[in-house]
Amino acid sequence: MEHVAALAPGSHVVKALHLFAGAGWLLPAEGRPTRTVAMCGDDGAALETASELVRDLGGVPAVIGGLEHARQLEDVAGFVMRLVATGHNPATAVPVVEPRPAA
């Protein structure tokens, strides 16, 4: 994503919505947890616009930092795809960790 941003000077690039297939957002939300959408970007206004889009879809935006963190999001996508390709459920490969209460 940093490379893409460098190719488009003056642009406001946000990495988001890469883990959930587009058609999956059309399925009823009943019976499934709210999706957390990890995203990153260097422009606060662009991140807020992307966050609004995520909320409109019924998700929860989670900004993890600037575009230097995009590689982490891409690596997670690869991890998930490899688990699925080998017949495993990615939801069972990551521990459930409760977030700290906000201060």
Side-chain angles (χ1 to χ4, degrees):
M1 290 312 301
E2 288 178 293
H3 180 70
V4 169
L7 292 173
S11 65
H12 304 289
V13 177
V14 172
K15 175 77 172 178
L17 294 168
H18 63 286
L19 281 178
F20 299 104
W25 289 101
L26 302 175
L27 299 173
E30 297 170 21
R32 68 172 159 82
T34 302
R35 294 177 178 150
T36 299
V37 177
M39 61 178 68
C40 58
D42 294 331
D43 181 80
L47 283 165
E48 184 50 39
T49 298
S51 294
E52 288 177 31
L53 293 170
V54 167
R55 285 189 286 272
D56 287 348
L57 287 168
V60 176
V63 178
I64 65 164
L67 285 180
E68 71 274 11
H69 296 287
R71 172 57 63 194
Q72 291 175 319
L73 298 181
E74 292 158 2
D75 287 344
V76 168
F79 171 72
V80 167
M81 288 186 285
R82 291 298 307 147
L83 284 168
V84 170
T86 58
H88 300 278
N89 181 345
T92 64
V94 179
V96 175
V97 179
E98 294 298 322
R100 288 183 306 177

Show me the pairs that pass salt bridge (charged side-chain N to carboxylate O under 4.0 Å, His left out) and involve residues 86-101, at least two apart or across chains.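 Listed by first then second residue: nothing to list.
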Enumerate the residue pairs fulfilling salt bridge (charged side-chain N to carboxylate O under 4.0 Å, His left out) with a member in residues 10-29, sequence neighbours excluded, ordered by first and then second residue.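 Residue pairs passing salt bridge (charged side-chain N to carboxylate O under 4.0 Å, His left out), neighbours aside: K15-E74.
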Any side chain to side chain donor-acceptor pair (under 3.5 Å) involving residues 60-70? Give me the pairs, sequence neighbours left out, ordered by first then second residue.
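Checked against side chain to side chain donor-acceptor pair (under 3.5 Å) - neighbours excluded - the pairs reaching residues 60-70 are H69-Q72.
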*In the hydrophobic clustering (ILVMFWY, side-chain contacts below 4.5 Å, transitive), which residues join I64, or is it alone?*
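Listed partners: L73.
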Side-chain donor-acceptor distances from residues 48-62 under 3.5 Å, at least two apart:
from, atom 1, to, atom 2, distance (Å)
E48, OE2, R55, NH2, 2.7
T49, OG1, A45, O, 3.2
S51, OG, L47, O, 2.8

Pairs under 3.5 angstrom only: tabulate donor-acceptor contacts from the side chains of residues 31-39 to other protein residues two or more places apart or in another chain.
from, atom 1, to, atom 2, distance (Å)
R32, NE, P28, O, 3.4
R32, NH2, L27, O, 3.1
R35, NH1, G24, O, 3.2
R35, NH2, G24, O, 3.3

| request: Kindly write out the residues that satisfy side-chain contact (heavy atoms from CB on, under 4.5 Å) with T86, not counting sequence neighbours, or none if the list is empty. | output: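 T86: side-chain contact (heavy atoms from CB on, under 4.5 Å) contacts with R82, H88.
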Notebook entry, point to check: Which residues pass the side-chain contact (heavy atoms from CB on, under 4.5 Å) test with A46, sequence neighbours left out?
Noted result: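 With neighbours one apart ignored, the set is H12, V14, D43.
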Note to self: Just to verify, what does F79 make a ring-ring contact (aromatic ring centres under 6.0 Å, His included) with, not counting sequence neighbours?
What the structure shows: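 F79 satisfies ring-ring contact (aromatic ring centres under 6.0 Å, His included) with no residue once adjacent residues are dropped.
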ask   = With the 4.5 Å side-chain cut-off for hydrophobic clustering, are V80 and F20 part of the same group?
value =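 The answer is yes; both residues are in one hydrophobic cluster.
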Please set out all donor-acceptor pairs under 3.5 angstrom arising from side-chain atoms of residues 89-96, sequence neighbours excluded.
from, atom 1, to, atom 2, distance (Å)
N89, OD1, A91, N, 2.8
T92, OG1, N89, O, 2.7

Q: Decide side chain to side chain contact (heavy atoms under 4.5 Å, CB included) for D42 and V13; before the verdict, give the C-alpha distance in whole Å, the side-chain angles of both, and the deciding distance to 0.1 Å.
A: CA-CA 7 Å; D42 294 331; V13 177; over 6 Å; no
